[in-house]
2 protein chains.
Amino acid sequence: MAKIETQMLKGTLDNAILMIIAQGETYGYALLQQLQDAGFGVIPEGTVYPLLLKMQRNGLIVAHRHAIATGPDRKYYRITAAGEAHLQAFLPQWKQLTTAMNRLIAGQEG
Amino acid sequence: MAKIETQMLKGTLDNAILMIIAQGETYGYALLQQLQDAGFGVIPEGTVYPLLLKMQRNGLIVAHRHAIATGPDRKYYRITAAGEAHLQAFLPQWKQLTTAMNRLIAGQEG
DNA sequence: TTTGCATACATTGCTTTACAAAGTACCTGG
DNA sequence: CCAGGTACTTTGTAAAGCAATGTATGCAAA
């Protein structure tokens, strides 16, 4: 999986993570793999963990720590109503940006 | 035209500008309007002009100043071979990012 | 036993980027 | 004359991704 230019992820990665959480409770370390599976390439821990903390501070997600049989505790995240609202605000912006870009790209190739 | 969250433009806006220049020589002040027409919303001068200077330093575009009959001089920009190569490297990354995001969004709605 | 590795999360500091704000300068219309 | 549109520049700020480093747990191999 190719690595996406990091600048391009700004303002997008957080919403990607929020969508993954919205589609099923998960925890940080698992998210690293889920992001890769989704096609974002390798996203380092130093990116994901601070992001999760920030989203928690902003009330977009809530966490609850869970001890498991084997290995360190996990922090599971769930999306909040504010998080859902945030996603609803993001979607049209993403649409606008990709529409504008794809039109330029079409003019580039065609 | 709605305003796109500025973080989302990082690493994308430069390539949008590069594509506009690739599709026909233009100058900074005209670019402001072209970006808006393309659907990016209002992009301020404090964003576009520094970006053009940086792209020039990086050899992606070349400029030549042109005096016109009425009003201040204009700096017209043309894309270079390095600029074309830069675009060719950008396109698959953009494709990868939008593919990954759109798949998540589909899972969000469907 | 102990070394190493995978799991799991947190923190500090760096770099890049969009942007606000302010400035310079030209020309036209009221 | 002066307000406003045209046209470009510069300085400083805030935000985000990430490298690097650290902490801690449990298991497997040596």
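The analysis underlying the following values was restricted to heavy atoms, covering all of them including side chains, and did not include hydrogens, waters or symmetry mates. Bear in mind the structure is a predicted one, so any value in this text is a computation, not a measurement. The sequence lines fix the lettering, A, B, ..., with proteins before strands; numbering per chain opens at 1.
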Same apolar cluster: B:Leu91 and A:Phe40, side chain cutoff 4.5 Å: yes
Atom-to-atom span, CG of A:Asp73 to P of D:dT23 - whole angstrom: 18 Å
Less than 4.5 Å apart, any side-chain heavy atom of B:Asp14 and any of A:Gln7? no
Short side-chain N/O contact to D:dC18 OP1/OP2 from A:Lys3, under 4.0 Å: yes
Of A:Gly46 and A:Arg74, whose closest DNA chain C nucleotide lies nearer the 5' terminus? A:Arg74
At under 4.0 Å, does any side-chain N or O of B:Tyr27 touch on OP1 or OP2 of D:dC8? no
Would you mind telling me which residue lines up with the more 5' stretch of DNA chain D, A:Pro50 or B:Tyr77, judged by nearest nucleotide? B:Tyr77
Report yes if a side-chain nitrogen or oxygen of A:Tyr29 is closer than 4.0 Å to either non-bridging phosphate oxygen (OP1 or OP2) of C:dC9; otherwise report no. no
Nearest-nucleotide 5' precedence on DNA chain C, B:Leu9 against A:Leu53: A:Leu53
Rounded off to whole Å, could you give me the CE-to-P distance for the B:Met55 and C:dT16 pair? 17 Å
Would you say C:dT16 has OP1 or OP2 under 4.0 Å from some side-chain N or O of A:Lys10? no
Determine whether the side chains of A:Tyr76 and A:Arg78 contain a donor N or O and an acceptor N or O closer than 3.5 Å. no
Looking at every strand, decide which applies to B:Ile68 at a 4.0 Å heavy-atom threshold: base, sugar-phosphate, or nothing. sugar-phosphate
To the nearest Å, give me how far apart NZ (B:Lys75) and P (C:dC26) are. 17 Å
Which part of the nucleic acid does B:Leu52 contact within heavy-atom distance under 4.0 Å: base, sugar-phosphate only, or nothing? nothing
Do A:Tyr29 and A:Arg74 touch side chain to side chain, with heavy atoms closer than 4.5 Å? no
Remember a base hit wins even if backbone is also touched, and classify A:Leu31 as base, sugar-phosphate or nothing at under 4.0 Å, heavy atoms. nothing
Expressed as a whole number of angstroms, how long is the span from A:Ile61:CD1 to C:dC9:P? 12 Å
Rounded to whole angstrom units, what separation is found between the NE2 atom of A:His66 and the P atom of C:dC9? 12 Å
May I ask you to check whether over 12 heavy atoms, not counting those of A:His64, lie within 6.0 Å of atom NE2? yes
In terms of side-chain heavy atoms of B:Gln7, which of D:dA15, C:dC27, D:dA24 is nearest? D:dA15
Which comes earlier along DNA chain D counting from the 5' end, the contact point of A:Ala69 or that of A:Ile4, where each point is its nearest nucleotide? A:Ile4
Is the shortest side-chain N/O distance from A:Thr47 to OP1 or OP2 of D:dG17 below 4.0 Å? no
Answer with yes or no whether B:Glu45 presents, from its side chain, a donor or acceptor under 3.5 Å of a partner atom in the base of D:dC8. yes
Which of these nucleotides, C:dA25, D:dG17, D:dG26, is closest to any side-chain atom of B:Pro72? C:dA25
Distance, rounded to the nearest Å, where A:Lys54 contributes NZ and D:dA14 contributes P: 15 Å
How close or far is atom C1' of D:dA16 from atom CD1 of A:Ile17, stated in whole angstroms? 12 Å
B:Asn15 CG to C:dA18 C1', straight-line distance once rounded to whole Å: 15 Å
Note: B:Ala38 and A:Ala100 closest approach over all heavy atoms is O-CB, 3.3 Å
Between D:dT9 and B:Tyr49, is there an OP1 or OP2 to side-chain N/O distance shorter than 4.0 Å? no
